[in-house]
Amino acid sequence: MGEVDPAFIQEIQHRPNLVIIEAEGIPLIDLSSTINASELVSRIADASKNWGFFQVINHGVPPECRRKIEDAARKFFALPLEEKRKVRRDEMNPYGYYDTEHTKNVRDWKEVFDFTVSTPTFIPASPEPDDEELTELTNQWPQYPPELREVCEEYAREMEKLAFKLLGLISLSLGLAENRLNLFFETSSTTFIRLNHYPPCPVPHLALGVGRHKDAGALTILAQDDVGGLEVKRKTDGEWIRVKPTPDAYIINVGDLIQVWSNDTYESVEHRVMVNQERERFSIPFFFNPGHHAWVQPLEELTKGEKPKYKEYNWGKFFTMRKGSNFKKLNVENIQISHFKVSE
């Protein structure tokens with residue numbers, strides 16, 4: 001990544017602004033049992049509606065569990081490139097190491113290691129509607145560091161517990177039963193975890209670690225280090241706001257699935273990652289996704305008296321199409337939930 005390939009360069013209107021606006025307003029929510037339950041649900045509702053992002057503390061994830069996966073990630077990314085590429089992912093299996101991912105058809109300044117939480121994971125073999133064949137996806141684990149698999153699997157178990165807790169709170173905040181959305185995730189989910197490494201970048205005014213995007217799944221739970229770099233597009237004025245790292249906190253964002261299920265009551269918000277000229281950065285997002293068989297549409301309970309704003313779509317087909325686009329530059333916009341929007 002030493003020389004700057006033109007593939008990394010953002011179009012002028014999407015280049016980062018090096019004048020940083022730090023977010024004071026992104027809510028910090030305490031999940032400890034000392035907080036009144038109705039007050040907690042109210043805070044989740046406000047954060048989801050007004051920001052689409054919030055941070056959580058006292059979340060129940062052991063600090064040691066997080067420290068171990070962060071240490072293992074640093075060891076893995078410090079390996080020679082030829083070692084990392086022994087577990088390189090490809091279009092047949094999107095789990096493993098990768099360093100040429102594209103967002104909005106521009107290459108990201110990062111390298112990643114992805115692993116699935118449910119083993120094995122099944123997804124449609126193709127995005128074609130009539131193709132019923134499934135593909136089995138399995139994780140690729142490197143020889144070094146030897147502890148990587150164990151610490152990743154331990155971390156995944158803790159993340160799943162937190163994800164279901166947050167999903168229940170979001171359900172309650174929408175006036176639904178706490179377990180209303182659980183069934184989408186309890187059998188053969190497509191949830192995965194990514195280890196991100198953003199090397200120092202000589203052109204932080206031209207490139208991005210990850211270009212502007214919204215997350216396609218239900219929830220993302222992000223652990224970021226003290227370097228920071230995540231920016232959220234503020235709903236009130238469209239300004240890009242830096243999310244200041246809070247020690248031991250997790251950053252939560254509402255994904256496209258929650259937007260569709262809630263019939264736009266909650267909105268998935270655009271975000272991006274800035275790069276740093278001097279310091280490398282590490283982060284670990286957990287992408288909470290349903291099983292491939294899930295059909296997604298506005299929930300009946302939330303559309304009473306109003307028209308559903310989205311047509312039904314199959315999550316597995318959507319996921320397969322999105323995964324495929326990470327490997328090559330497309331001549332068209334990647335699939336988005338806006339493609340299923342019902343015209344007024």
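The model shown is predicted, which means the values in this text are computed figures rather than measured ones. Because only heavy atoms are used, hydrogens play no part in the values below, and waters and symmetry mates are left out as well, while side chains stay in.
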One thing to verify: whether [Y] and [X] come together as a salt bridge, which I'm taking to mean a side-chain N less than 4.0 angstrom from a carboxylate O.
{"X": "E70", "Y": "R74", "result": "no"}
{"X": "E147", "Y": "K75", "result": "yes"}
{"X": "E82", "Y": "R85", "result": "no"}
{"X": "R157", "Y": "E160", "result": "no"}
{"X": "D99", "Y": "R89", "result": "no"}
{"X": "E111", "Y": "K84", "result": "yes"}
{"X": "E128", "Y": "K317", "result": "no"}
{"X": "D71", "Y": "K68", "result": "no"}

(request) Go through the steps to decide whether E270 and K214 satisfy the test salt bridge (Lys or Arg N to Asp or Glu O under 4.0 Å), and finish with yes or no. (result) CA-CA 5 Å; E270 258 191 338; K214 298 182 179 185; over 6 Å; no
Counting C-beta onward and ignoring hydrogens, is there a side-chain heavy-atom pair between [X] and [Y] closer than 4.5 Å?
{"X": "I193", "Y": "F287", "value": "no"}
{"X": "V254", "Y": "Q259", "value": "no"}
{"X": "I69", "Y": "L195", "value": "yes"}
{"X": "T116", "Y": "T191", "value": "no"}
{"X": "E136", "Y": "T138", "value": "yes"}
{"X": "V232", "Y": "V269", "value": "yes"}
{"X": "F54", "Y": "L166", "value": "yes"}
{"X": "N289", "Y": "S189", "value": "no"}

(message) Suppose we call two aromatic rings close when their centres sit under 6.0 Å apart. Are F192 and F115 close by that rule?
(response)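 No, ring centres 6.0 Å or more apart.
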(message) Check for me whether the distance between the ring centres of F288 and F185 falls short of 6.0 Å.
(response)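 Yes - the distance between ring centres of F288 and F185 falls below the 6.0 Å cut-off.
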To check you understand the geometry: which heavy-atom pair defines the closest contact between [X] and [Y], and what is its length?
{"X": "L174", "Y": "S262", "result": "CD2-CB, 3.9 Å"}
{"X": "N314", "Y": "G316", "result": "OD1-N, 3.1 Å"}
{"X": "G229", "Y": "Q224", "result": "N-OE1, 4.0 Å"}
{"X": "P298", "Y": "P308", "result": "CG-CB, 4.0 Å"}
{"X": "A156", "Y": "V117", "result": "CB-CG2, 4.1 Å"}

(message) One pair to check against side-chain contact (heavy atoms from CB on, under 4.5 Å): F77 and F113. What are the steps and the verdict?
(response) CA-CA 9 Å; F77 288 121; F113 178 82; 4.3 Å; yes
With a 4.5 Å cut-off on side-chain heavy-atom distances among I, L, V, M, F, W and Y, is there a chain of contacts connecting [X] to [Y]?
{"X": "L169", "Y": "L302", "answer": "yes"}
{"X": "L148", "Y": "L81", "answer": "yes"}
{"X": "I221", "Y": "F164", "answer": "yes"}
{"X": "V61", "Y": "I170", "answer": "yes"}
{"X": "L299", "Y": "L257", "answer": "yes"}

Between [Y] and [X], is there a side-chain donor-acceptor contact under 3.5 Å, judged purely by atom types and distance?
{"X": "T220", "Y": "D215", "result": "yes"}
{"X": "Y250", "Y": "Q55", "result": "no"}
{"X": "Y310", "Y": "D264", "result": "yes"}
{"X": "S126", "Y": "D131", "result": "yes"}
{"X": "R88", "Y": "Q140", "result": "no"}
{"X": "E280", "Y": "H197", "result": "yes"}
{"X": "Y95", "Y": "T121", "result": "no"}
{"X": "T303", "Y": "N263", "result": "no"}
{"X": "Y313", "Y": "Q297", "result": "no"}

(request) Report the residue from R242, R272, R281 that forms a side-chain contact (heavy atoms from CB on, under 4.5 Å) with L230. (result)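 One option only clears the test, and that one is R281.
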(message) For P290, is there any backbone N or O sitting under 3.5 Å from a side-chain donor or acceptor partner on T190?
(response)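 Indeed, once roles are kept as given, a pair shorter than 3.5 Å links the two residues.
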(request) Check whether any side-chain N or O of H213 sits under 3.5 Å from a backbone N or O of H271 as a donor-acceptor pair, and report yes or no. (result)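 Indeed, once roles are kept as given, a pair shorter than 3.5 Å links the two residues.
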Using a cut-off of 6.0 Å, state whether more than 12 heavy atoms not belonging to [X] lie near its atom [atom1].
{"X": "E150", "atom1": "CD", "value": "no"}
{"X": "E132", "atom1": "CD", "value": "no"}
{"X": "E39", "atom1": "CD", "value": "yes"}
{"X": "E300", "atom1": "CD", "value": "no"}

(request) Mind running side-chain contact (heavy atoms from CB on, under 4.5 Å) on K309 and V342 for me, showing each step along the way? (result) CA-CA 5 Å; K309 295 179 180 177; V342 175; 5.6 Å; no
(request) Report the C-alpha distance between W109 and L208 in whole Å, list the side-chain angles of each, state the deciding distance to 0.1 Å, and finish with yes or no for side-chain contact (heavy atoms from CB on, under 4.5 Å). (result) CA-CA 6 Å; W109 191 274; L208 287 166; over 6 Å; no
Let me confirm one number: the [atom1]-[atom2] distance from [X] to [Y], rounded to the nearest 0.5 Å.
{"X": "L167", "Y": "L219", "atom1": "CG", "atom2": "CG", "value": "6.0 Å"}
{"X": "Q336", "Y": "K341", "atom1": "CD", "atom2": "NZ", "value": "13.0 Å"}
{"X": "Y266", "Y": "W261", "atom1": "OH", "atom2": "CH2", "value": "14.0 Å"}
{"X": "R66", "Y": "Y155", "atom1": "CZ", "atom2": "OH", "value": "6.0 Å"}
{"X": "I258", "Y": "L181", "atom1": "CD1", "atom2": "CG", "value": "5.5 Å"}
{"X": "F76", "Y": "C152", "atom1": "CZ", "atom2": "SG", "value": "9.5 Å"}

(request) Examine R234 relative to W240 and say whether NZ or CZ is less than 6.0 Å from the centre of the six-membered ring and inside a 45° cone about the ring axis. (result)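 Not satisfied by the 6.0 Å and 45° rule.
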(request) Using the salt bridge (Lys or Arg N to Asp or Glu O under 4.0 Å) rule, take E239 and K233 through it: C-alpha gap first, then chi angles, then the decisive distance, then the call. (result) CA-CA 6 Å; E239 285 280 0; K233 196 170 191 178; over 6 Å; no
(request) Check the angle between the aromatic planes of W315 and F319 and answer parallel, tilted or perpendicular using the 30° and 60° thresholds. (result)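 Aromatic pair W315/F319 classed tilted.
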(request) Evaluate the criterion side-chain contact (heavy atoms from CB on, under 4.5 Å) for residue pair T320 and F318; output intermediate values, then yes/no. (result) CA-CA 6 Å; T320 297; F318 187 99; over 6 Å; no
(message) According to side-chain contact (heavy atoms from CB on, under 4.5 Å), who are the partners of N179, at least two apart in sequence or on a separate chain?
(response)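 Partners of N179 by the side-chain contact (heavy atoms from CB on, under 4.5 Å) criterion, ordered by chain and then number, come out as A177, N182.
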